[in-house]
Undergrad: 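Pasting a structure here, questions to come.
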Amino acid sequence: MPELPEVEVTKLGISPHIEGQRISAVKILDGRLRWPVPNALVKLLPGQTVLAIQRRGKYLLLEFEKGYLLLHLGMTGTLRVLPSKETLKPHDRVVFEFGRISLRLHDPRKFGAVLWHSKKSGPIESNSLLQKLGIEPFSAEFAGDLGAEVLYQHSRGRSVSVKQFLLAGQAVVGVGNIYCSECLFDAGIHPAKPAGKLTRPQCIRLAHAVRSILHKAIRAGGSTLSDFVNSDGEPGHFTVQSKAYDRKGLPCKVCKTPIQQIVQGQRSTYFCPQCQKR
DNA sequence: AGCTCAACCTGGCTGC
DNA sequence: TGCAGCCAGGTTGAGC
């Protein structure tokens, strides 16, 4: 379930266990993910220590002495810290051993990614996958009125719907398909409105909604962190209830009008035709 | 450059 | 019960 909040919660969950820890072994059980998992990792990583863990958009960046491990969870990926002796599950794809604990990428649909960025090839910011990402929603550059200005300027001249514009992550990163519907509901903006027609007041409301919705989701996910190291807990298992997503035909929680579902860019969008205006 | 859409892959659910 | 068909949290890359 990985949108930005799930990735952030995963980062918070694994960091205390593996930051400062040294890799003892890497096992690639099935390396046929989004891109092939580099076999070189099996020789390269053992002996190296996790210096820091950062998140950029929906990517997790594990910094080592010689470079960065880029992890992406795709549609169905989860990362768990487990006792090394714990038996492997079907769809466990890559295992990073740290002595008595292991970090495991579980990814049924194999849309995730495990890549290596050597420090020899330049700073991590120069990585081609990261370079095209928009601004972080919790950065100073997106705070307050700056966030609204980012959305306003990036959307000028764009004919795509605001739903697709926001989901693309070129202006601000981290809003996936679920939270996109939620943010537009919160901001009272019709998802089919062309991005280029967004008004400044709408951008102000949307920027606020993005920060607020993502922040609430992270807070809710944080409550599941206590049992991160065991085989049963599911990180990214949120109790925040949606106001629009997956509520087709159900009454809007504000005005009781039935929530509508449409398809935009091959993805479902849910909205209230009464509360959300073009 | 921007837009649309197929593709990657597997599992779960719906409906016949 | 079996099976075809559709849907699913992300992202790239091809072809206009």
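Worth knowing before you read on, the calculation uses all heavy atoms, side chains too, and leaves out hydrogens, waters and symmetry mates. These numbers come from a predicted model, not from an experiment. Reminder, nothing fancy here: chain letters follow the sequence lines and each chain counts from 1.
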Undergrad: So, is A:Lys132 close to the C:dT12 phosphate, meaning a side-chain N or O under 4.0 Å from OP1 or OP2?
TA: yes
Undergrad: Which part of the nucleic acid, if any, lies within contact of A:Tyr245, taking any heavy atom under 4.0 Å across all strands shown: a base, the sugar-phosphate backbone alone, or nothing?
TA: sugar-phosphate
Undergrad: Return the 5'-most residue of the pair A:Gln164, A:Arg32 with respect to DNA chain B, ranking by each residue's nearest nucleotide.
TA: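 Going by which nucleotide is closer to the 5' end, it is A:Gln164.
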Undergrad: Can you tell me how far P in C:dC6 sits from the matching atom in B:dA6, rounded to whole Å?
TA: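 Comparing P positions in C:dC6 and B:dA6 gives a spacing of 14 Å.
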Undergrad: Output yes when at least one side-chain N/O atom of A:His91 is less than 4.0 Å from OP1 or OP2 of B:dC9, else no.
TA: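 Result: no.
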Undergrad: Any chance you could measure A:Gln276, atom CD, to A:Ile259, atom CD1, to the nearest 0.5 Å?
TA: 7.0 Å
Undergrad: OP1 or OP2 of C:dA8 less than 4.0 angstrom from a side-chain nitrogen or oxygen of A:Ser268, does that happen here?
TA: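 For A:Ser268, the contact criterion (side-chain N or O under 4.0 Å from OP1 or OP2 of C:dA8) is met.
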Undergrad: Check this one for me: any side-chain N or O of A:Tyr59 less than 4.0 Å away from OP1 or OP2 of C:dT11?
TA: no
Undergrad: Roughly how many Å is it from CD in A:Gln261 to C1' in C:dC6, rounded to a whole number?
TA: 12 Å
Undergrad: Between A:Gln266 (CD) and C:dG9 (P), how many Å, whole number?
TA: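 That distance rounds to 12 Å.
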Undergrad: Would you say the base of C:dA8 and the side-chain of A:Arg267 have a donor-acceptor pair closer than 3.5 Å?
TA: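 Looking at the base of C:dA8, it does not pair with any donor or acceptor on the side chain of A:Arg267 (distance under 3.5 Å).
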Undergrad: Between C:dG9 and B:dC3, how many Å separate the two C1' atoms, rounded to a whole number?
TA: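 Straight-line distance between the two C1' atoms is 24 Å.
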Undergrad: Is the phosphate of C:dG9, meaning OP1 or OP2, less than 4.0 Å from a side-chain N or O of A:Arg109?
TA: no
Undergrad: Find the distance A:Gln170:CD to C:dT12:P and express it as a whole number of Å.
TA: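 From A:Gln170 CD to C:dT12 P: 10 Å.
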Undergrad: So how far is it from A:Tyr270 OH to A:Ser242 OG, rounded to the nearest 0.5 Å?
TA: 9.0 Å
Undergrad: Starting from P on C:dT11, measure out to NZ on A:Lys58 and report it in whole angstrom.
TA: 4 Å
Undergrad: How many Å lie between CE on A:Met75 and P on B:dG12, as a whole number?
TA: 15 Å
Undergrad: Hey, are A:Arg56 and A:Glu136 close enough for a salt bridge, meaning a charged N less than 4.0 Å from a carboxylate O?
TA: yes
Undergrad: Using a 4.0 Å heavy-atom cut-off, does A:Leu129 contact any base of the nucleic acid, only the sugar-phosphate backbone, or nothing at all?
TA: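 A:Leu129: backbone/sugar contact only, no base atoms under 4.0 Å.
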Undergrad: Atom CG of A:Leu166 and atom C1' of C:dT11: how far apart are they, to the nearest Å?
TA: 16 Å
Undergrad: Within a strict 4.5 Å, meaning less than it, do heavy atoms of the A:Leu33 and A:Phe111 side chains meet?
TA: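 The answer is no; the side chains never approach within 4.5 Å.
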Undergrad: Counting side-chain heavy atoms from C-beta on, which of C:dG13, C:dA8, C:dG10 comes nearest to A:Trp35?
TA: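 So the side chain of A:Trp35 is nearest to C:dG13.
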Undergrad: Are A:Glu65 and A:Lys119 within salt-bridge range, i.e. N to O under 4.0 Å?
TA: no
Undergrad: If pairs are Watson-Crick or G-U with both distances under 3.5 Å, what is the dot-bracket string of DNA chain C, marking crossing pairs with [ ] and pairs to another strand with |?
TA: .|||||||.|||||||
Undergrad: Quick test of the criterion, 5.5 Å between centres and less than 30° between planes. Is A:Phe111 stacked on B:dC9 or not?
TA: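 No, A:Phe111 does not stack on the base of B:dC9, since the centre distance and plane angle fail the 5.5 Å and 30° test.
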Undergrad: May I ask you to decide whether A:Glu97 forms a salt bridge with A:Lys27, counting only side-chain N to carboxylate O separations under 4.0 Å?
TA: yes
Undergrad: Is a salt bridge present between A:Arg93 and A:Asp30, judged by a nitrogen-to-oxygen distance below 4.0 Å?
TA: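 A:Asp30 and A:Arg93: salt-bridged.
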Undergrad: Could you list the residues that satisfy salt bridge (Lys or Arg N to Asp or Glu O under 4.0 Å) with A:Arg22, not counting sequence neighbours?
TA: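 None.
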Undergrad: With a cut-off of less than 4.0 Å, is there a side-chain N or O of A:Lys110 near OP1 or OP2 of B:dT10?
TA: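 For A:Lys110, the contact criterion (side-chain N or O under 4.0 Å from OP1 or OP2 of B:dT10) is met.
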Undergrad: Quickly work out the A:Leu130 CG to C:dT12 C1' distance and round it to whole Å.
TA: 15 Å
Undergrad: Relative to A:Tyr152, does A:Arg200 satisfy both conditions: NZ or CZ under 6.0 angstrom from the six-membered ring centre, and within 45 degrees of the ring's axis?
TA: yes
Undergrad: Verify the contact: side-chain N or O of A:Thr76 to OP1 or OP2 of C:dG10, cut-off strictly under 4.0 Å; return yes or no.
TA: no
Undergrad: Less than 4.0 angstrom between a side-chain N/O of A:His72 and OP1 or OP2 of C:dG10, yes or no?
TA: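 Checking C:dG10 against A:His72, no side-chain N or O comes under 4.0 Å of OP1 or OP2.
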Undergrad: Roughly, in whole Å, what's the span from CG in A:Leu70 to P in C:dT12?
TA: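 Atom CG in A:Leu70 sits about 12 Å away from atom P in C:dT12.
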